[in-house]
Each structure stands twice: as C-alpha cells, then as structure tokens.
Novice: 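Attaching a single structure in structure tokens format; questions to follow.
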Protein chains: 2
Amino acid sequence: MTTEVPPAAAPDEEDWLRLDGQVCFSLHAASRAFNGVYRVLLKELGLTYPQYLVMLVLWEHGEQPVKRLGARLRLDSGTLSPLLKRLEAAGLVHRERSAHDERSVEVRLTDEGTALRARALQVPRRIMAATGFTLEEIAALRTTLNRLTTALDKAALETTPACD
Amino acid sequence: MTTEVPPAAAPDEEDWLRLDGQVCFSLHAASRAFNGVYRVLLKELGLTYPQYLVMLVLWEHGEQPVKRLGARLRLDSGTLSPLLKRLEAAGLVHRERSAHDERSVEVRLTDEGTALRARALQVPRRIMAATGFTLEEIAALRTTLNRLTTALDKAALETTPACD
DNA sequence: CATGATTCAGTTGTGCGCAATTGAATTGTG
DNA sequence: CACAATTCAATTGCGCACAACTGAATCATG
C-alpha cells in the first residue's frame, strides 16, 4: 500500500516485461541482422542463408541422407524438402533414393555445387569484418549461444512432455 | 606448391567455412531454440513470439502508429499489417486511421489486450529459468548481441548502398 | 492553387520454420 | 510368412521476414 518500498535487489515486477523484452528482442534482432548481412553476401552466390547452411554441411561432410542433414541443422523435412528441391533446381545438388533403404533420400553435391565452395570461401572473412568482433569474441559468443541453446532445448523437452 | 606450410597463427583457409558455419549457425540455432520455448509458454496466452513482442511494446509505450511499432521492432508493414490484423481478430488490439493524418493507422490495446499483461508477467521469469543464466549473464549477452546488431546493420548499409 | 516528391499502410510473391498428417519402406515379433 | 510398430521423405497449412509494388494522403515548391 505504501510507496516507500526500498529499491529491491531484484527488479520490480513491473520491470520484468521490459527486461524480458530486451533479452528476447536482442536475440531476435541479432539473428535478423546477421541474416541481412548474409543475404547481401550470398546473393552473388545465388544462395539464401539456410541454403548456405545446407551447403556448408555438404561441403564439410559430403553426401548424406536428408535425415542426417536435418539432424545436423535441427531442421525437419518440412523445411528441408522444398529447400533441397530449390537447390536441385539450381543445379547445386542431386537427390536420389538410397539403394539400400528406399525410404531414405541421399543428397550429394553436383560438380557445380562443389565448385561453388571456392567462391564461398571469402564469405566468412567478410562476415567477420562486418561484425567487428575478434576471433576470441566470436568464439566466446558462440560458446555462450551454444550453452543457451542446449539449456533451452532441455527446458523445452521438460515443458512439452506429451505426458505418457 | 609445397604441402609443408607451417601451422599458421590464423586458421587455414579450409577452416574458415567450418568456423563460419559454427558462428552463424549458433546464432541461428539459439534464436530458434529461444523461439521454441516461447512458443510453448505463449501458447496459453494465445500469442506467437512476434505477436508477444508487439504486445510488449504496446504495454510499455501505449497507443502508437504502425510506423513507430515497426521502428521499435525493426519490422516493416509487410510483416506488421497481417500480424496486427490477427491481433485485432483475437480482440487484443484496435486499429484506427489517425484523425490528424489519414495515412497513419493508430494501434491501441483493447481492455482484453490490456488485461492479458497480467498473465504475461510470469513469462519472463519462466524464460530466465529455462536458460539457466543469471541476470548478469543475460545482461552481458544482451549487450554483446546489441553491439553485434549495431555493427551488422552498419555493415549492411555500407555493403548495400543503392548507389544514389 | 497546382504539381511533384515524400510518407504512409497495405498487398503480393518467395522462402523459411514448424506442427500435423500421409504413405511407402523397413524392422520386429510371433 | 504375416502383421503391427517404426522410420523415413514428402505434403499441407499457418505464421513470420523481406523485397517490390500500389495507392492514398500529405508536404514542399513555385
């Protein structure tokens, strides 16, 4: 009833929504800002940002089924299927039913897709320059974000438990 | 020509794509993981994550035109117009052409939209708990992400200059 | 006052992200 | 071998993000 509440150590209840807005919004904004810079750089490669992520995996690990691509990128077939079709239409990848398991679809780079890697090599350096961050800062941020992702994924599993 | 290049202080050219993949992917993944947890918590409020961001702004700053909402959230009308229509259909906001400037549309909370704030107050604390981060860590991450966003926005402007 | 530039919200089209479903192929069990 | 459960990719539906465009209202200039 009184207004003489001393400045508490913990934020006032009314402040929580503001604080929260800043936290979640910062991540949201950073993600889109990052996306924006990539969009510009990747336009000349004819790739979108998620398509670039797929190509990174293929360049690093080579041919693999859609399932494994999705596991590495945390994307399901609802996102990957149309994306891979567009990459195939662009002539960068080839999709083929596995001989061993007809349920599985193997994705592999075409010669053109493999060749694109050389042009992509300059992208990371330009992104680094755009951030103005040092290698150490980038590494630290990556570690923090990975820890955040792990914690959030764990929490999501505990919150969503489909009972049973 | 030779393969006897000594281990350089800077990463090998071949490593750049891998490093880059980790950096951009970490942010991408963290953003989606965050989104996933919010999705669960906000479902009981009947809001999506971007809709929640809009409500946060309205709760904090009150009635304002679409233009200002977009400036605060870095979203354009292509995103906001349909989003606000859905919030209006849900009975949470009201849209009305400004009397002073017929081009502008004022967005204000309905009583129902204002009342929803009370139920939203518990969301930030639950998100905090899900991250496992301390207030200090959250604040530090926010600062880093804001610095990153500012730098990336600046770089995007310099890279995209539509000449003029 | 007239006209040309600017400022708005809205629409369209493309692509990503995710939940839910479908249907075929495979595996496990009796 | 037969049948049920599981594992895949693909599809559908909805919402967000963004570029490009439309059209109305406003402002600036002469």
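Bear in mind the structure is a predicted one, so any value in this text is a computation, not a measurement.
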Novice: I need the CD-P distance between B:Glu106 and C:dC8, as an integer number of Å.
Specialist: 12 Å
Novice: Please work out which of the three classes, parallel, tilted or perpendicular, describes the rings of B:Tyr38 and B:Tyr52, given edges at 30° and 60°.
Specialist: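 The rings of B:Tyr52 and B:Tyr38 sit tilted, inter-plane angle from 30° to 60°.
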Novice: Under 4.0 Å, heavy atoms only, any strand: does A:Asp101 hit a base, just the sugar-phosphate, or nothing?
Specialist: sugar-phosphate
Novice: Please find the pair of heavy atoms, one from A:Met55 and one from A:Leu116, that lie closest to each other, and give the distance.
Specialist: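 Taking A:Met55 first and A:Leu116 second, the nearest heavy atoms are CE-CD2, 4.4 Å.
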Novice: Which heavy-atom pair separates A:Pro65 from A:Ser104 by the least distance, and what is that distance?
Specialist: CB-OG, 3.2 Å
Novice: Over all heavy atoms of both residues, which pair between B:Arg126 and B:Glu44 is shortest? Give the atoms and the distance, please.
Specialist: NH2-OE2, 3.2 Å
Novice: Check DNA chain D against residues 47-69 of chain B and give the residues with a non-hydrogen atom under 4.0 Å, in numerical order.
Specialist: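 Within this stretch, B:Thr48, B:Pro50, B:Gln51 sit under 4.0 Å of the strand.
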Novice: So do B:Thr114 and B:Thr110 actually touch side chain to side chain, heavy atoms under 4.5 Å?
Specialist: no
Novice: Closer to the 5' end of DNA chain D via nearest nucleotide, is it A:Ser81 or B:Arg74?
Specialist: A:Ser81
Novice: In whole angstrom, give the distance that lies between atom CG of A:Leu87 and atom P of C:dG15.
Specialist: 11 Å
Novice: Whole angstroms only, please: what is the CZ-C1' distance between A:Arg103 and D:dC8?
Specialist: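 The answer, rounded to whole Å, is 5 Å.
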Novice: For a side-chain hydrogen bond (donor to acceptor under 3.5 Å, both in side chains) with B:Gln64, tell me which candidate from B:Arg108, B:Glu106, B:Arg72 qualifies.
Specialist: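 That would be B:Arg72.
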Novice: Is the Lys NZ or Arg CZ of A:Arg147 less than 6.0 Å from the centre of B:Phe133's six-membered ring, within 45° of the axis?
Specialist: yes
Novice: What side-chain donor-acceptor pairs closer than 3.5 Å can you find for residues 23-34 of chain B, not counting sequence neighbours?
Specialist:
unit_1, atom_1, unit_2, atom_2, d
B:Ser26, OG, A:Asn146, OD1, 2.8
B:Ser26, OG, B:Gln22, O, 2.7
B:Arg32, NH1, A:Arg74, O, 2.9
B:Arg32, NH2, A:Leu73, O, 3.1

Novice: In whole Å, I'd like the distance from the NE2 atom of A:His100 to the P atom of D:dA9.
Specialist: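 Taking NE2 of A:His100 and P of D:dA9, I get 15 Å after rounding.
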Novice: Would you mind reading off the distance between B:Asn35 atom CG and C:dC18 atom P, rounded to a whole angstrom?
Specialist: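 One finds 7 Å between P of C:dC18 and CG of B:Asn35, rounded.
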Novice: Indicate whether OP1 or OP2 belonging to C:dG17 is found under 4.0 Å from a side-chain N or O atom of B:His28.
Specialist: yes
Novice: If I take atom CG in residue B:Leu27 and atom P in nucleotide C:dG17, what distance separates them, rounded to the nearest angstrom?
Specialist: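 Atom CG in B:Leu27 sits about 13 Å away from atom P in C:dG17.
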Novice: Could you state the CZ-P distance from B:Arg97 to C:dT7, rounded to the nearest angstrom?
Specialist: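 The answer, rounded to whole Å, is 17 Å.
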Novice: So what does A:Leu80 touch, heavy atoms closer than 4.0 Å: a base, only the sugar-phosphate, or nothing?
Specialist: nothing
Novice: Would a 4.5 Å heavy-atom cut-off, applied to side chains only, mark B:Leu92 and B:Leu109 as touching?
Specialist: no
Novice: Does B:Arg32 put a side-chain nitrogen or oxygen below 4.0 Å from OP1 or OP2 of C:dC18?
Specialist: yes
Novice: Within the pair B:Lys85 and D:dC14, is there a side-chain N or O less than 4.0 Å away from OP1 or OP2?
Specialist: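 No.
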Novice: Whole angstrom is fine here: how far is it from CD in A:Glu88 over to C1' in D:dA10?
Specialist: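 Value for this atom pair: 14 Å.
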Novice: Listing time: all N or O pairs from protein to nucleotides 19-23 of chain D that are below 3.5 Å?
Specialist:
none

